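See below for the structure under consideration.
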Amino acid sequence: DTEVTQTPKHLVMGMTNKKSLKCEQHMGHRAMYWYKQKAKKPPELMFVYSYEKLSINESVPSRFSPECPNSSLLNLHLHALQPEDSALYLCASSQDKAEANYGYTFGSGTRLTVV
Amino acid sequence: AQSVTQLDSQVPVFEEAPVELRCNYSSSVSVYLFWYVQYPNQGLQLLLKYLSGSTLVKGINGFEAEFNKSQTSFHLRKPSVHISDTAEYFCAVVESNFGNEKLTFGTGTRLTIIP
């Protein structure tokens, strides 16, 4: 299995809703990431988990809450979002930098629309 | 902190012509470099990467890139493009020292192939 799987592919939610995005990988990668991508812009890093511990939070608003239940799963809990939070949310994973084939594998993303 | 510059936001090229997409980076330490492609409404697919060793890197779909440390560049090339190469291309960098898992993207280059 060489993929990062993200669910759902599309999500429409109201500003008072609570929803979660899920990301799964079975490649034994030890780091997992959430990126946010607005239209016609590059992906922007939100969070990094390394060995299931949060290692980087890029000053993301608290209405986004990440969770890493185990080494294969990464969730992003959403609450009280704003319309400007509408974007493509990408999950990625990577091996240890010491590995010869180090690199980042991205999922196909969740297209989120906040109404 | 590392940064990436992609000077060309859009590059139109005739089918079967060669193309070069430019990428320059800035970092105070050694880096790993990546090129990703993003087709409309999809996630990111790795084209190629430079970790160490030979400065000429070959990737998928006939693309190659050359790492030039003195010019801090990692330009992407293809000798003959096809209609299916129409997509957004992102150059990305991560510092190779321990920690700092922040993969930073350039602003992207929109490659349009003209029939």
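Chain letters run A, B, ... following the sequence lines, proteins first, then strands; residues in each count from 1. The shown structure was predicted, so the numbers you read here are calculated from the model rather than taken from an experiment.
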NZ/NE/NH1/NH2 to OD/OE distance under 4.0 Å, A/Arg30 and B/Glu101: yes
Validation row, ring centre A/Tyr35 to ring centre B/Phe105 under 6.0 Å: yes
Heavy-atom proximity to chain A below 4.5 Å, by part of B/Lys49: side chain
Under 3.5 Å: donor-acceptor pair, side chain of B/Gln6, backbone of B/Gly108: yes
B/Leu51 portion near chain A, given a 4.5 angstrom heavy-atom threshold: side chain
Pairs of heavy atoms under 4.5 Å with chain B: top-ranked of A/Ser55, A/Ser50, A/Ser94, A/Pro43: A/Pro43
Ring centre gap for A/Tyr102 and A/Tyr104 strictly below 6.0 Å: yes
Approximate separation, where rounding is to 0.5 Å, of B/Gln42 CD and A/Leu90 CG: 11.5 Å
Structural part of B/Gln38 lying under 4.5 Å from a heavy atom of chain A: side chain
Under 4.5 Å from a heavy atom of chain A, the part of B/Ser9 involved: neither
Residue A/Gln37 versus chain B: region with a heavy atom under 4.5 Å: side chain
Under 4.5 Å from a heavy atom of chain B, the part of A/Glu58 involved: side chain
Under 4.5 Å from a heavy atom of chain A, the part of B/Glu88 involved: neither
Check: B/Phe90 ring centre within less than 6.0 Å of B/Tyr36 ring centre: no
